[in-house]
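Heads up: the structure comes next, in structure tokens.
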Amino acid sequence: MTTLWRERPVGVVGLGLIGGSIGLDLMALGVDVRALVHREATAERARQRGLASQVSIDPSVLTGCGLVLLALPLDRLLEPSPELLAALPREAVIADLASVKAPVLSVWEPLVPRFVASHPMAGTSGAGVEAGLPNLFRDRPWVATPSDHTDPAALEQVRALAGALGARWLECAAPDHDRAVALISHLPVLVSAALLRAAERGAAAAAPRSALPALVRALASSGFADTTRVGGGNPELGTLMARSNSVAVAEALGHYRQALDSLEDLLERQDWEGLARELEGCRALRPEFL
């Protein structure tokens with residue numbers, strides 16, 4: 001099999017955290033990377049950072065690419081611009097990198113003949129052209145959600161690329177992916193946002209002129225930072241994830257509410273043995289997820 005991304009240029013549409021990180025890794029492998037971005041200022045900074053061999057706001061930069069990776073926000077994937085669609089090489093493998101798969105698959109599969117829905121599960125709180133990092137995907141899952149219409153050779157091209165970047169390849173159905181990420185990716189964003197609000201409002205509920213609001217901020221340390229990182233991240237991304245996967249996210253919130261209710265019940269009954277058993281069970285469960 002000819003490895004398209006080694007034999008021909010790779011297009012990357014969008015150079016934020018995911019697109020920029022892919023660009024850095026592919027450049028390190030000696031791949032010819034052609035990047036399309038929205039603003040000239042972004043293009044100039046991307047050139048300075050060495051995120052791609054060529055960076056342009058002109059869609060024609062994708063001409064001749066054998067593989068094009070769509071590192072775009074969900075809203076721009078769900079309503080792709082006519083200019084982008086016209087610029088995609090007809091014979092190229094086109095893969096998206098979004099965190100919700102079923103709606104993206106339904107939009108893109110009728111539009112391009114060799115579409116692969118995929119999701120590299122790696123990230124930080126960074127966003128924009130400064131966010132890209134080398135080796136972001138090493139030892140992280142890269143999930144594909146092929147349908148009955150997915151070209152097997154196109155799927156293999158994306159699998160080989162993910163492997164070259166050090167990722168762990170997985171395949172599943174798109175609805176299963178979306179329910180899974182609602183529980184382990186989208187739910188934590190909302191949960192950590194709620195924790196931030198709870199700390200703020202709980203402190204503000206103290207008596208007027210209380211030192212509590214300042215104190216809780218001063219005492220917040222690594223544990224609070226770890227559990228609130230994703231809730232304090234990109235609000236646009238969090239909103240798009242919830243909007244595009246709302247049914248599964250609502251279901252996940254229901255499970256979380258039940259877990260909170262159970263803990264609150266143990267607390268109200270002062271069932272410390274029961275609480276200890278629950279926490280011990282969670283300690284044993286955590287390694288299965290990490």
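- Of the possible polar contacts, none joining the Thr228 side chain to the Gly231 backbone as a donor-acceptor pair under 3.5 Å is found.
- Heavy-atom neighbours of Arg179 CZ from other residues, nucleotides or ligands within 6.0 Å: at or below the threshold of 12.
- Residue Glu273 qualifies as open at atom CD: its count of foreign heavy atoms under 6.0 Å is 12 or below.
- Side-chain contact check for Ser99 versus Val181: every heavy-atom pair is 4.5 Å or farther apart.
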Step-by-step salt bridge (Lys or Arg N to Asp or Glu O under 4.0 Å) determination, Glu280 to Arg283: CA-CA 5 Å; Glu280 179 58 37; Arg283 181 171 69 171; 2.7 Å; yes
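- Within the 4.5 Å cutoff, side-chain heavy atoms of Asp178 are placed close to those of Pro103.
- Ion pairing of Glu44 with Arg47 is present here, as a side-chain N (NZ or NE/NH1/NH2) and a carboxylate O approach within less than 4.0 Å.
- Side chains of Ser262 and Glu278: no donor on one and acceptor on the other come within 3.5 Å.
- Side chain of Ser21 to main chain of Leu133: a donor-acceptor pair is present (N/O by atom type, distance under 3.5 Å, no hydrogens or angles).
- Using modelled atom types, one side-chain atom of Ser192 and one backbone atom of Val189 make a donor-acceptor pair closer than 3.5 Å.
- Side chain of Lys101 to backbone of Pro175: no donor-acceptor contact under 3.5 angstrom is found.
- Checked by atom type and distance alone, the side chain of Arg49 pairs as donor or acceptor with a backbone atom of Val129 at under 3.5 Å.
- Formation of a donor-acceptor pair under 3.5 Å by the Asp96 side chain with backbone atoms of Leu69 is not found in this model.
- Checking side-chain atoms of Thr145 against main-chain N and O of Ala174 turns up no donor-acceptor pair under 3.5 Å.
- Of the N and O atoms on the side chains of Asp58 and Ser60, at least one donor lies less than 3.5 Å from an acceptor on the other residue.
- Rounding to the nearest 0.5 Å gives a distance of 9.5 Å between CZ of Phe289 and SG of Cys282.
- Annotation: Arg286, atom CZ; neighbour count of heavy atoms from other residues, nucleotides and ligands within 6.0 Å does not exceed 12.
- Side chain of Trp108 to main chain of Leu77: a donor-acceptor pair is present (N/O by atom type, distance under 3.5 Å, no hydrogens or angles).
- In plain terms, the two heavy atoms of Val93 and Gln157 that are nearest each other are CG2-CG, 4.2 Å.
- More than 12 heavy atoms of other shown residues, nucleotides or ligands fall within 6.0 angstrom of atom CD in Gln48.
- Looking at heavy atoms from C-beta onward, Leu196 lies in side-chain contact with Phe224 at the 4.5 angstrom threshold.
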